[in-house]
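Chain letters run A, B, ... following the sequence lines, proteins first and then strands; every chain starts at 1.
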Amino acid sequence: MTTNYPYSTAEGSDVRVRFCPSPTGTPHVGLVRTALFNWAYARHTGGKFIFRIEDTDAARDSEESYEQIIDALSWLNLDWDEGINVGGPHGPYRQSQRSDIYAEVIEKLKATGRVYESYSTPEEIEARNLAAGKDPKVGYDNFDRDLTEEQKAAFRAEGRLPALRVRVPDEDITFDDLVRGEITFPAGSFPDFVVVRPNGDPLYTLVNPVDDAIMQVTHVLRGEDLLSSTPRQIALYHALIDAGFTTHIPRFGHLPYVMGEGNKKLSKRDPEANLFHHRDRGFIPEGLINYLALLGWSLTHDRDVFTIHEMVKAFDVVNVNPNPARFDQKKADAINADHIRLLELEDFTARMIPYLQAGNVLSNDPTDEQLDILAAAAPLVQTRMNVLSEAPELLEFLFTPAEQITYAEDALKGLPENAGEVIAASVGALELIPQAEFTHDAIQAALNEALIEGLELKPRIAFGPLRTAISGRRISPPLFESMEILGKADTIKRLVRFNER
RNA sequence: GGCCCCAUCGUAUAGCGGCCUAGUACGCUGGCCUCUCACGCCGGUAACACGGGUUCGAAUCCCGUUGGGGUCACCA
């Protein structure tokens with residue numbers, strides 16, 4: 001019974017968790033959240049985080065996807081202690097390179113009798129179920145469990161090769177899920193399952209638990225979709241313990257789904273499922289990690305913006321919420337915006353550069369003058385962005401020559417009748433400011449005097465035309481600061497050009 | 001269909017038997033600030049799926065119902 005097959009009791013620095021994606025497509029935010037929780041648990045406990053790749057499906061796996069997964073972890077700063085590219089005592093860490101290990105395991109497993117040869121084809125199984133009046137959905141009928149040597153020889157004589165199945169014990173299987181509590185699967189819930197194809201290829205059902213066993217994984221934290229395969233893995237673990245590959249069954253914790261719109265799992269088709277979509281939009285790692293952590297976990301009752309360090313300090317998988325969480329783009333953006341505001345100014349400035357380049361606002365090799373403008377403008381826009389891809393739209397006018405400014409339709413439409421007069425008066429006032437004193441305070445004072453007091457305009461009416469003339473937009477960073485950055489000559493040039501258009 | 005999981009404002013969550021006439025955040029919304037837009041600040045909106053228990057007392061424990069989801073491959 002289960003007393004013979006103990007669960008891991010590891011804690012603290014003895015904890016060993018792993019992240020083991022199969023490289024089939026772009027990294028999904030659900031996958032990333034799984035990586036994050038495993039990583040956070042390892043860092044919290046002081047244990048080890050192992051990263052291996054489950055590339056046993058040659059038809060679907062790709063090298064591109066493999067590289068993207070590494071790119072994703074690196075971008076998010078989720079580092080690992082053993083595995084891909086860093087090595088470790090249980091390598092190699094790509095399953096496609098572990099065939100010899102699996103071959104040895106398979107031989108030993110056969111010797112224990114917990115794994116047996118099965119010659120039934122899917123067609124034969126279905127036919128038998130139908131003949132017995134059973135729903136074909138019940139699956140395999142354990143037909144080959146006790147084949148005699150003569151029967152096996154007869155099948156082989158027909159040229160048939162056996163798949164290998166695990167003999168599922170005829171008893172209830174119970175485990176204590178770290179996020180859901182005790183879960184019991186009654187005896188007979190599932191039939192003996194295939195772990196090795198007739199051609200000798202081991203399946204996920206074998207290699208995943210085998211590698212966890214060999215790598216001495218103590219806590220398996222993974223998606224809820226694998227919950228119903230857990231009793232099968234536990235059955236296999238019994239065999240692995242019998243065969244001497246390990247001594248304990250890991251603890252399991254099944255993390256809730258990340259859902260999309262409606263009530264369906266966020267599918268690979270949804271753009272917001274794609275991690276890189278968020279990176280391209282201008283999520284910063286701090287923001288995305290924070291938001292993803294919120295999907296099933298919380299730091300405290302009254303605060304949801306936190307650093308990765310705060311998360312590591314507080315994270316325990318037993319506090320993960322079992323119910324599925326909807327991915328809410330608006331909330332994610334808001335969290336990201338908060339993290340953008342938390343950045344040091346220089347850091348924020350630097351992080352905008354790739355997005356400005358992508359938006360053709362900055363060249364690949366920005367000039368010192370451009371960098372000076374950016375540094376001056378950065379504080380004006382740090383509270384005006386949710387995602388960094390908003391930077392080009394907001395800052396473009398500062399990097400565009402006066403003669404190339406275009407005026408947005410909605411900006412022109414909202415202008416007052418006397419826009420020309422306002423601008424003319426502004427030019428006159430600004431001309432009087434000495435070049436060296438062309439600061440936002442001086443600009444504001446001059447314009448206030450000329451427009452608000454002189455022409456007796458409401459500020460809203462007074463500054464709208466100037467904003468449009470300067471930026472071409474209805475909405476822009478603060479006006480006087482923008483004028484200061486542009487400088488006296490360029491500012492006046494823009495105003496004059498606007499009135500001459 | 002069998003088996004399994006899940007169930008607090010629209011969304012994410014706090015809550016682990018009394019502190020709850022249910023807190024926080026996003027969203028939406030009223031206002032203040034204000035050169036636009038933001039930020040910031042003040043306020044509003046809105047939830048314990050249902051029915052039985054257990055208990056002096058239940059959002060919290062138990063059972064059932066309903067609803068949702070997953071899984072039943074020689075995919076992972």
Side-chain angles (χ1 to χ4, degrees), chain A residues 20-24 54-57 59-61 95 118 120-122 135 137-140 161-165 177 179-181 183-186 188-191 193-199 201-205 207-208 223-232 254 256-257 259 262-265 291 294-305 319 321-335 337-338 341 380-386 390 394 411 414 444 447-448 451-452 458-464 466-468 471 473-482:
Chain A
C20 52
S22 49
T24 57
E54 310 222 329
D55 52 349
T56 54
D57 186 353
R60 298 198 311 155
D61 297 331
Q95 290 184 331
S118 170
S120 297
T121 65
D135 187 339
K137 279 200 181 110
V138 301
Y140 181 62
L161 290 169
L164 260 31
R165 289 181 186 269
D177 192 278
V179 342
R180 288 150 213 277
I183 298 172
T184 298
F185 288 75
S189 293
F190 50 91
F193 55 97
V194 172
V195 289
V196 180
R197 282 183 177 139
N199 68 4
D201 286 349
L203 264 18
Y204 163 84
T205 46
V207 296
N208 176 276
E224 181 184 347
D225 50 329
L226 292 163
L227 181 55
S228 50
S229 73
T230 302
R232 276 187 281 274
H254 290 91
Y257 282 111
M259 313 289 281
N263 235 1
K264 15 184 234 306
K265 224 175 122 179
Y291 180 67
L294 252 17
L295 263 22
W297 185 78
S298 69
L299 180 73
T300 172
H301 66 100
D302 63 354
R303 188 158 65 94
D304 56 17
V305 175
N319 296 130
N321 200 318
N323 48 324
R326 219 93 48 202
F327 189 97
D328 181 348
Q329 189 68 62
K330 282 196 173 133
K331 173 85 170 182
D333 285 359
I335 295 286
D338 279 323
R341 282 164 215 140
L380 307 181
V381 295
Q382 194 167 9
T383 60
R384 290 177 164 75
M385 270 183 226
N386 291 322
E390 292 165 18
L394 235 32
Q444 181 164 17
L447 292 175
N448 270 336
L451 306 178
I452 310 301
K458 289 193 152 80
R460 202 182 183 82
I461 303 295
F463 301 125
L466 300 181
R467 184 180 312 286
T468 302
S471 70
R473 307 290 156 149
R474 185 174 63 82
I475 296 168
S476 82
L479 185 59
F480 314 124
E481 284 84 347
S482 297

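Whole-Å rounding puts the A:D57 CG to B:C75 P distance at 8 Å. Taking atom CZ on A:R474 and atom P on B:A38, their separation rounds to 9 Å, with Å as the unit. Separating the OH atom of A:Y257 from the C1' atom of B:C5 is a distance of 9 Å, rounded to the nearest angstrom. Taking atom CD of residue A:Q329 and atom C1' of nucleotide B:A12, one finds them 14 Å apart after rounding to whole Å. Atom NZ in A:K265 sits roughly 17 Å away from atom P in B:C6 (whole-Å rounding). The distance from atom CZ of A:R326 to atom P of B:A7 is 13 Å, rounded to the nearest whole Å.
Contacts of A:D135 with the nucleic acid, taken as non-hydrogen atoms under 4.0 Å apart, are absent. Using a 4.0 Å heavy-atom cutoff across all strands shown, A:L203 reaches sugar-phosphate atoms only and no base atom. Heavy atoms of A:S189 sit under 4.0 angstrom from primed sugar atoms or phosphate atoms, though from no base atom. When heavy atoms are screened at a 4.0 angstrom cut-off, A:I183 is found touching the sugar-phosphate backbone but no base atom. A:L394 comes within contact range of no nucleotide atom at all, as no heavy-atom separation falls under 4.0 Å.
Look at the C1' atom in both B:C9 and B:U21: the space between them is 16 Å, to the nearest Å. Only the C1' atoms considered, B:U8 is 7 Å distant from B:A59, to the nearest whole Å. Here the separation of B:U45 from B:G51, taken at their P atoms, is 25 Å to the nearest Å. Between B:C37 and B:A46, the two P atoms lie 29 Å apart (nearest whole Å). Here the separation of B:G10 from B:A47, taken at their C1' atoms, is 10 Å to the nearest Å. With P as the reference atom, B:C19 and B:C26 are 27 Å apart, rounded to whole Å. Using atom C1' as the reference point in both B:U60 and B:C3, the two lie 28 Å apart (nearest Å).
Residues A:F327 and A:Y291 place their aromatic rings such that the two centres sit under 6.0 Å apart.
Here the side chain of A:P459 is nearest to one of B:C72, B:C75, B:C35, namely B:C35. Here the nucleotide nearest the side chain of A:E224, chosen from B:C26, B:U36, B:C5, is B:C5.
Interface remark: the A:K331 side chain does not form any donor-acceptor pair with the B:A12 base, using a distance-only criterion of under 3.5 Å. With hydrogens and angles ignored, no donor-acceptor pair under 3.5 angstrom links the side chain of A:R460 to the base of B:C35. Put simply, the side chain of A:R467 and the base of B:C35 share a donor and an acceptor less than 3.5 Å apart.
Remark: B:C26 base-pairs with B:G10. Criterion, Watson-Crick or G-U wobble with two distances under 3.5 Å.
By the 4.5 Å heavy-atom criterion applied to side chains, A:T230 and A:H254 are counted as neighbours.
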